[in-house]
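Working notes, beginning with the structure itself.
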Amino acid sequence: MSNSSAQSSNFIRHIIDQDIANGKNDGKVVTRFPPEPNGYLHIGHAKSICLNFGVARDYQGQCNLRFDDTNPEKESQEYIDAIKKDVQWLGFNWSELRHASDYFEKLYEYAVELIKLNKAYVCSLNAEDIRKQRGTLTEPGIESPYRNRNIEENLELFADMRAGKYKEGEHVLRAKIDMGSGNINLRDPVLYRIKYATHPRTQDKWCIYPMYDYTHCISDSLEGITHSLCTLEFEDHRPLYDWVLDELKTPSHPQQIEFARLSVEYTISSKRKLNLLVSDKHVDGWDDPRMPTISGMRRRGITPESIREFCDRIGITKKDAFIEMSVLENCIREDLDPRSNRLMCVINPLKVVIENYPDDKEEEFTAKNHPKDPEQGKRSIPFSKIIYIERDDFMEEPTKDFFRLGSGKEVRLRNAYDIKCTDVIKNDMGEIVELLCEYDPDSAGKNKKKLKGIIHWVSAKHAINVETRIYDRLFNTPNPGAVEDIISTLNNKSLSIHKDSKIEPHAKTITLEDRVQFERQGFFCLDSKHTKEKLVFNRIVTLRDSWTKPGQASKK
RNA sequence: UGGGCCGUCGCCAAGUGGUAAGGCACCGGGUUUUGAUCCCGGCAUUCGUAGGUUCGAUCCCUACCCGGCCAGCCA
């Protein structure tokens, strides 16, 4: 669990502390989380959610959930619903639920106001001409020939735009600022455009829609937002945010503060690209357990607690940062380790016959469900002559640093006997199909041989057949976002399905809400989408492994 | 070569005029029937570079260098 009393501070909290000390906003703190409903939320949004809701919580303020729904062509109710679910699942409750579309009428009135102030005009250039006249990074733009239309004409044209008298692209409302500005956002930015699209909420009421820059600042003001926190790419937009609020008589003038967006190694957080993976079926939907989406992480079994802790640890700064996967993984393990029941599951089974064990004998061993927490109780594990062990736990000619089972070698079966491998049986292809072993009848629960190797096992007769799904990083490169063709960097081993995994009978008690540890392998949970008659387990995260397999390069 | 932002250990990140917190990673050691957990220890004479101010600079000033961001009728 996150230690909220040790909440790390950051430059935004310092600013808020200052504001409160100065009595700004009457000491109130109001934030908002403003997603566009054009896709599912991902780990990057989690950072923003934790920041905005976290700040509101810690300063006894408010945080609204506001959908930035000004582009009906890309937005949908499906996304709105999914986003609400994800925010709540992460553990946050919004003070008020709003939509930018709630303000369309008000926004329109303000636009009329801007025209009357001679600060906005209807421009009849087409999109391409506007682009050409915007200039470049090093050359100033050219003023539109429509820039000096008189106020009456602008008012009439704008009203007619709303009334649907024009086609898409025929006119646009622009702010009258400065075509020579070094900041391109100030070169008479478009405020409204015509779109004959059905909006998820306002349906066909409108055919003109306000642009982000114009909408966001006014929405913030109308909601009494005090600190409008957004990512770095909006830094250049702040002068425009301030310009709109300075020109108009809005209720307040919130302060926009920008912070660095989150980048995690081996993932992407571009909704466009995530959407591509989904629509081209490279993954099993937005909630594929390999996806960096909130819903994907949820299905994977990652807890909201770990995600919140992760967001706490990475901090809030203005520095573009790349976070290593290990930070997230560590948060997950820290959360899961103390609360997960232990179980033995053989993912990739190898049959073992214990030759000196009586044919029909069965025994029950008792094992702790958690090595350090007696509260989690005990369970019994059946043992018999034929068992399965992990293929990776046997090496025919073991290297010196391999202390599991090998030909002629002895190993301890976790919670049971010590066994020694006496023979290896292979098929025609030369593949190992079975091991013959001998057990030491006096070794259970004892430690007379001080064996270093301890492996997990499952009694063949009692095993439940389950499917295990082992996930690896979705991409092969640390920064897939920088790769042109995202598909080419997909890791084709990111999912491996083991349909014949064997687990001890106690697995019957596992519910969809549980997270468990398969000893020596990692933390797992049931897959909500595939578990029906058959149990399907997702690997959430591996256990830390300080041993690098022989013949394999270090994972670094 | 326009505007704006950033630069403290491999990856994050505190500190901001008085002589470098913490986490992850990594490396040792201890406990352990999970090569897990847990525990103990190690890990920046140095804060992009070069000057300057100062008794003293990561922190102030100047210049330079590196790296992102911006030319949607997207957000």
Side-chain angles (χ1 to χ4, degrees), chain A residues 6 8-10 34-36 38 68-71 73-75 123 125-128 130-132 134-141 168-174 180-187 189-195 209 211-213 215-216 230-239 258 260 265 271-272 312-331 333-334 337-338 342 344 367 370-372 401-404 412-416 418 443-447 450-456 517-522 542-548 556:
Chain A
S8 51
S9 197
N10 57 56
E36 182 190 9
N38 67 342
D68 233 319
D69 55 351
T70 57
N71 186 359
E73 287 169 349
K74 294 184 176 173
E75 299 154 4
C123 180
L125 252 23
N126 62 39
E128 191 189 347
I130 288 181
R131 179 174 53 73
K132 280 182 187 156
R134 189 153 29 225
T136 67
L137 293 179
T138 52
E139 301 158 33
E168 284 192 13
E170 211 172 329
H171 303 289
V172 94
L173 184 73
R174 288 228 257 171
S181 174
N183 182 344
I184 291 173
N185 295 298
L186 262 21
R187 318 237 265 228
V190 170
L191 265 24
Y192 268 90
R193 74 286 212 194
I194 299 170
K195 265 183 203 294
Y209 290 95
M211 298 285 287
Y212 165 83
D213 286 304
T215 308
H216 206 89
C230 63
T231 43
L232 249 27
E233 66 269 28
F234 292 104
E235 221 156 10
D236 293 342
H237 296 242
R238 187 172 3 114
E258 311 85 12
E265 282 189 345
K271 276 196 265 187
R272 207 196 91 244
D312 259 15
R313 285 190 194 179
I314 59 178
I316 301 289
T317 65
K318 299 194 68 157
K319 185 172 111 182
D320 289 307
F322 250 85
I323 311 294
E324 292 177 345
M325 252 316 189
S326 62
V327 181
L328 207 212
E329 291 176 343
N330 190 265
C331 291
R333 294 187 190 111
E334 258 179 44
D337 185 77
R342 261 99 254 233
M344 291 197 288
H370 188 103
K372 310 180 104 164
D401 61 349
F402 184 84
F403 41 87
R404 275 109 96 150
R412 176 163 299 149
L413 295 177
R414 166 121 248 235
N415 297 124
D418 298 345
S443 59
K446 306 198 174 148
N447 191 20
K450 307 258 183 313
L451 294 174
K452 277 178 95 178
I454 298 165
I455 63 172
H456 56 95
Q517 184 193 103
F518 291 170
E519 291 202 66
R520 305 207 307 130
Q521 321 228 52
T542 61
L543 258 32
R544 262 179 72 218
D545 186 3
S546 59
W547 183 70
T548 308
K556 269 247 33 203

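Below, chains carry the letters A, B, ... as their sequence lines are ordered, and counting in each starts from 1.
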Side-chain N or O of N330(A) closer than 4.0 Å to phosphate OP1/OP2 of A25(B): yes

Donor-acceptor pair under 3.5 Å: do we get one between E324(A)'s side chain and the base of G10(B)? yes

Distance, C1' atom - from G52(B) to G22(B), rounded to whole angstrom: 34 Å

Can you give one letter per nucleotide of nucleotides 3-8 of chain B, 5' to 3': B if a protein heavy atom sits under 4.0 Å from the base, S if only from the sugar-phosphate, - if neither? BSSSSS

What I want to check is whether the side chains of N447(A) and R412(A) have a donor and an acceptor closer together than 3.5 Å. yes

Checking the side chain of R187(A) only, and the main-chain atoms of S181(A) only, is there a donor and an acceptor separated by less than 3.5 Å? yes

Nearest-angstrom distance, C1' atom, A25(B) to G10(B): 7 Å

Identify whether the glycosidic angle of G35(B) places it syn (within 90° of 0) or anti. anti

Report the secondary structure of RNA chain B in dot-bracket form, marking unpaired bases with a dot and bases paired to a different strand with |, and treating Watson-Crick or G-U pairs with both distances under 3.5 Å as paired. .((.(.((.[[[..)..(...]]].(((((.......))))).....[[[[[..)....]]]]]).).)).....

Pick the closest RNA chain B nucleotide for N71(A) and for L137(A) by heavy atoms, then say which residue is nearer the 5' end. L137(A)

Interatomic distance at C1', U8(B) relative to C43(B), whole Å: 16 Å

Is it possible for you to check whether K195(A) lies under 6.0 Å from the centre of the six-membered ring of Y209(A), through NZ or CZ, and within 45° of that ring's axis? no

side-chain N/O R342(A) vs U33(B) OP1/OP2, d < 4.0 Å: no

I'd like to know if the side chain of E75(A) and the backbone of N71(A) have a donor-acceptor N/O pair within less than 3.5 Å. yes

Using the P atom as the reference point in each nucleotide, state the distance between C24(B) and A20(B) in Å, no decimals. 23 Å

With centres under 5.5 Å and planes under 30° as the test, does Y212(A) stack with A75(B)? no

For G28(B) versus C70(B), give the span between their C1' atoms, rounded off to a whole number of Å. 49 Å

Classify M344(A) by what it touches in the nucleic acid, base, sugar-phosphate, or nothing, heavy-atom distance under 4.0 Å. nothing

